[in-house]
Amino acid sequence: MSKKIVILNGSPRKSGNTSALVTAFREGAEGAGHTVTEFFLDKMNIHGCKGCFGGHSDRECPCVQQDDMNQIYPAVRDCDVVVLASPLYYWTMSGQLRTAFDRLFALEEGGKNLLRGNGKSSALLMAAEGHGFDDAVLYYDHLMEHLHWKNLGHVLAGGNMDVGDIKGKPELQQAYGLGKSI
């Protein structure tokens, strides 16, 4: 059965190592017949959550702020799988990804809870210079527990400082396989 997959790419580099993982994942998922929509967050106008509790999940654009999240809300609301992709920044996910994900809270407010549960699944793709992914994975695991989403797994690619360092590494094949396995 074909699934709708949304990738939230929190890398600042369109051709960086995280984006290479995203490309491999996408190729695997599309090869398996799934529909993939990627949001390259660094080029989007997304403001931080105001914590105003003014969101209404029953609206097309549930947040009181009107910015590029309005493109992401319907895609996440209607998808089966959300892929979080990020470089490792200070032992966690990038600000681009965290900001966008924080704003998804509007889908939990008012009306129906359209974020938590609902049969969604998720995967995590990360690249980094080092190998200290423990805190990022802990955050991701807590997020999956809170949202009641099925954790499909993760690909953590360490040892990638410069753009292109990931080329030829096994993590690209792992990302492809993860996409294909959905």
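Checked by atom type and distance alone, the side chain of Lys120 pairs as donor or acceptor with a backbone atom of Val76 at under 3.5 Å. Side-chain N or O atoms of Gln66 include one that pairs as donor or acceptor with a backbone N or O of Cys63 at under 3.5 Å. Within the 3.5 Å criterion, the main-chain N or O of Gly33 finds a donor-acceptor partner in the side chain of Ser2. Between the side chain of Gln96 and the backbone N or O of Ile46 there is no donor-acceptor pair closer than 3.5 Å. A donor-acceptor contact shorter than 3.5 Å links the side chain of Ser57 to the backbone of Lys112. Checking side-chain atoms of His148 against main-chain N and O of Arg116 turns up no donor-acceptor pair under 3.5 Å. No donor-acceptor pair under 3.5 Å is formed between the side chain of Tyr176 and the backbone N or O of Thr23. Side chain of Ser121 to main chain of Leu152: no donor-acceptor pair is present (N/O by atom type, distance under 3.5 Å, no hydrogens or angles). Under the 3.5 Å distance criterion, the side-chain polar atoms of Ser11 are left unmatched by any main-chain donor or acceptor of Pro87. The backbone N or O of Glu108 lies less than 3.5 Å from no partner atom in the side chain of Asn113, so there is not a single donor-acceptor pair.
A distance of 8.5 Å separates CE in Met144 from CG in Asp141, rounded to the nearest 0.5 Å. One finds the CG atom of Leu178 at 11.5 Å from the CD atom of Gln173 (value rounded to the nearest 0.5 Å). Atom-to-atom distance recorded for Asp162:CG and Asp165:CG is 5.0 Å, nearest 0.5 angstrom. Within the model, atoms CD of Glu145 and CG of Asn151 stand 11.0 Å from one another, a figure rounded to the nearest 0.5 Å. The distance from atom OG1 of Thr35 to atom CD1 of Ile5, rounded to the nearest 0.5 Å, is 8.0 Å. Atom CG of Leu124 is separated from atom CG of Leu156 by 6.0 Å, given to the nearest 0.5 angstrom.
Atom CD of Glu129 sits in a sparse spot, with 12 or fewer heavy atoms from other residues, nucleotides or ligands closer than 6.0 Å.
Leu97 and Tyr73 fall within the same hydrophobic cluster, defined by Ile, Leu, Val, Met, Phe, Trp and Tyr side-chain heavy atoms under 4.5 Å apart, directly or through other members. When the side chains of ILVMFWY residues are joined at heavy-atom separations under 4.5 Å, either directly or via intervening members, Val81 and Phe101 end up in two distinct hydrophobic clusters. Note on Phe133 and Leu84: same hydrophobic cluster, where clusters join Ile, Leu, Val, Met, Phe, Trp and Tyr whose side-chain heavy atoms are under 4.5 Å apart, directly or indirectly. Leu147 and Val137 fall within the same hydrophobic cluster, defined by Ile, Leu, Val, Met, Phe, Trp and Tyr side-chain heavy atoms under 4.5 Å apart, directly or through other members. There is no path of hydrophobic side-chain contacts, each under 4.5 Å, that joins Met126 to Val22.
For the pair Met44/Gln71, a side-chain contact is recorded, criterion being any heavy-atom separation below 4.5 Å from C-beta on. Within the 4.5 Å cutoff, no side-chain heavy atoms of Asp68 are placed close to those of Phe39. Under the 4.5 Å side-chain criterion, counting only non-hydrogen atoms from C-beta, Asp80 is not in contact with Ile182. Two residues are said to be in side-chain contact when any heavy atoms from C-beta on lie closer than 4.5 Å; Thr99 and Leu41 fail this criterion. Leu115 places none of its side-chain heavy atoms less than 4.5 Å from the side chain of Phe105. Looking at heavy atoms from C-beta onward, His47 lies in side-chain contact with Arg103 at the 4.5 angstrom threshold. Between Leu104 and Val82 the shortest side-chain heavy-atom distance does not fall below 4.5 Å. Considering only heavy atoms from C-beta on, Val163 comes within 4.5 Å of Arg13 through its side chain.
Contact between Leu172 and Ala20 at its shortest, heavy atoms only, is CD2-O, 3.6 Å. Of all the heavy atoms in Ala128 and Leu88, the pair that sits closest is CB-CB, 3.4 Å. Minimum heavy-atom separation, Val6 to Ala75: CG2-O, 3.5 Å. Across Lys4 and Asp78, no two heavy atoms sit closer than the pair CD-O, 3.5 Å. Between Ile166 and Ala157, the shortest heavy-atom distance links the atoms CD1-CB, 3.7 Å. When every heavy atom of Met93 is checked against every heavy atom of Tyr139, the shortest pair comes out as CE-CD2, 3.6 Å.
There is no side-chain donor-acceptor pair under 3.5 Å between Arg98 and Tyr89. A donor atom on one side chain and an acceptor atom on the other are not found under 3.5 Å apart for Asn17 and Lys169.
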- Query: Are Val83 and Val36 close enough, and set up right, to give a side-chain contact (heavy atoms from CB on, under 4.5 Å), and what steps lead you there?
  - Reply: CA-CA 10 Å; Val83 176; Val36 179; over 6 Å; no
- Verdict with supporting geometry, Lys50 and Val64, side-chain contact (heavy atoms from CB on, under 4.5 Å): CA-CA 9 Å; Lys50 302 270 185 213; Val64 299; 5.7 Å; no
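A salt bridge does not link Glu109 with Arg59: none of the charged nitrogens is closer than 4.0 Å to a carboxylate oxygen.
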